[in-house]
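For reference, the structure discussed in these notes is given below.
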Amino acid sequence: MLDSLKDGLQAAVKKLVGSSVVDEKVVKEVIRDLQRTLIQADVNVRIALEVTEHVQKRALEEKPPGGVTRKDQVVSILYEELARLLGGEGGLHLDKDKVNVIVMLGVQGSGKTTTTAKLARFYAKRGFKVGVVAADTFRPGAVMQLQTLVSSTGAETYTDEKEKSSVKIAKEGKKQFEASKNLVIIDTAGRHKEEKGLLQEMKEVIGQVKPNATILVVDGTIGQQCYNQALAFHQAAPVGGIIVTKLDGAAKGGGALAASTATGARVFFIGTGERIDDLEEFSPTRFVGRLLGMGDLKALMEMVREAEVVVDEKMAKGVMTGKLTMDDLMVQFEQMKKFGSLKKVLEHLPGFSGAVDAKELDKAEDRVKVYKSIIQSMTKGERENPERINASRLRRVALGSGRSEKDVRELLSRYKQMKALAKTSKGRDFRQLARRMGGQ
Ligand SMILES: Nc1nc2c(ncn2[C@@H]2O[C@H](COP(=O)(O)OP(=O)(O)OP(=O)(O)O)[C@@H](O)[C@H]2O)c(=O)[nH]1
Ligand SMILES: [Mg+2]
C-alpha cells in the first residue's frame, strides 16, 4: 500500500538515522527529500511545503529533551507533523440508543456503494441494527448492486424502484427504518447530468434527512483532483468525515491528505480492497507510523541509542598517549556487539537491506566472540601490556582459551593496528575507529 510514499519517507528517515550528526545541513537535506516525496505522492504543493517547513522549523529550533538524541527528536517531529496533517485521532461517533443517519457522498466510481455495504457490515458486526437506503436513482443497476452487496451483511435494504426522486427515497427510507434500526446509511448517486445538479441533489437530500454525519467517499488513486472535489462537496454540504477508498492498489495516498485538508474533516476509514471486509478504521498516528516503518523504527532508535559507543575518558586519554590496553579493546568489542545487533535491526527495515552484508556481520560477531575468550585468558599484566606476549605466552593463552595460536596472533595484530590508528587520529574519532575494529 502506498509504496512510493512509504519508500520515500523511509529513505528520508534512513538518511536521518544514518548520519553521524544531525545538523542544519542534514535537516535541510532531509526536508528537501520529504518535499519531493510528498509532491510525488500527489500531496498538494502548498500543503507539502507547509508541512515540511514546519518540520524544519521545529527540528532546528526545538531542543531535544533529556535522554533523547537529536535523531530521535527529528524523527518524532516528522511523525507528529505528518499525523497532524491527517487530522487528529477520533473516528465516527455513533450512539446505539439513537437512530444514527449517515449520508454517503462522492463522485461516480469513488466507491460509495461498495463502502456503504462495508460500513453496514462493520457496524452490524458491532451490534448495530443497520438499514441501508438505495437512493441512487440515476445509475441503472445501482439498486441491484447495493442489494447484492448488502445481502451478506445482515443489514436490510430499502428501495423504491418506481420512485424517481432520490430525495423522496432517502426521506422515506429513513422513516421506514426509524422504528427498527439504530443506524441508517443512505447511498446516493455519483453520476448526474451535470455536477451542479449532483451537488444540488445532495444538498436537498441532506436538508430533508438531516443526517448525523455526511461522509465523503474519495478515490485514493485520483491524486490532486481530490482537493477540488472535496472542496466542492464541502461547500454544498458540510462534510463530516472522509473515507478514502482503493488504497490497496496504485494509490499514492496524497489524495487522502488533500481531501482531509480541503474539508478540515477527518478520515474515518480507508478502503483497502474490493471485498466487503476490506475496510479499516483510520488512525493518523498508526497510518503515519506504518508509512514511516515506525514499528521497526522504534526498535531501531532504541538500538541506535544503545549502540552509541560510550567513550570512556580514561580510555580516550590512554589512546591518545598510545596506552591502549586489551581491557579497552574488550570494552570496544562489547560496543561492537551492540552495533552488530543494530545492523540486524537495520536489515529488517525496508530500504536498508542491501546496506548490510549479513555474512560480513556474522563473521565480525564470531571474531569478537573469539577475541573475547582470548582476552579473558590473559593475565592482568598481559592485558595492560600486550607487547609482553611472547611465543610461549601466546601458546599458553591459546591453550587457556581453547583457541588457536593463529587466532591469538590475529587479535594481537588487530590490537597493533588499532593502536597505530589511535595514534594517528589522536583519539579524535575513536568511535569510528572502534567500528573499523569490528572486523569490517
Ligand atoms: N481495489 C478496490 N476497489 C474498490 C474499493 N472500493 C470500491 N472499489 C471498486 O470501485 C468500483 C466503484 O465502486 P462503487 O462502489 O460502485 O462506486 P460508486 O461511488 O458507488 O459509483 P457510482 O454509483 O457510479 O457513483 C467498483 O468496482 C468497486 O469494486 C477499494 O477499497 N479497493
Ligand atoms: Mg454507487
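Ligands are counted one by one from 1 in listed order, and the atoms in each one are counted from 1 as well.
- Counting only N and O atoms by type, the side chains of Q145 and R139 include a donor and acceptor under 3.5 Å apart.
- Using modelled atom types, one finds no donor on one side chain facing an acceptor on the other under 3.5 Å when comparing R121 with S152.
- In this structure, S401 and Q376 have side chains that are not in contact, with every pair of non-hydrogen atoms separated by 4.5 Å or more.
- Comment: K246 does not engage E274 in a salt bridge, judged by the lack of any side-chain N to carboxylate O separation of less than 4.0 angstrom.
- Checking T52 against Q35 by side-chain atom types alone, a donor-acceptor pair falls below 3.5 Å.
- Under a 3.5 Å cut-off, the side chain of N182 and the backbone N or O of D97 do not form any donor-acceptor pair.
- Distances under 2.8 Å from the Mg ion (ligand 2) pick out the protein N/O/S atoms T113 OG1.
- For ligand 1, the 4.0 Å heavy-atom shell takes in V107, Q108, G109, S110, G111, K112, T113, T114, K118, D136, R139, Q145, G190, R191, T245, K246, D248, G271, T272, G273, E274, ordered by chain and residue number.
- T245 and D219 share no donor-acceptor pair across their side chains, judged by distance under 3.5 Å alone.
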Check: Going through the distances and angles, do T272 and D278 end up as a side chain to side chain donor-acceptor pair (under 3.5 Å)?
Finding: CA-CA 5 Å; T272 53; D278 295 334; 4.7 Å; no
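- Counting non-hydrogen atoms of other residues, nucleotides and ligands closer than 6.0 Å to NZ of K171 gives a total of 12 or fewer.
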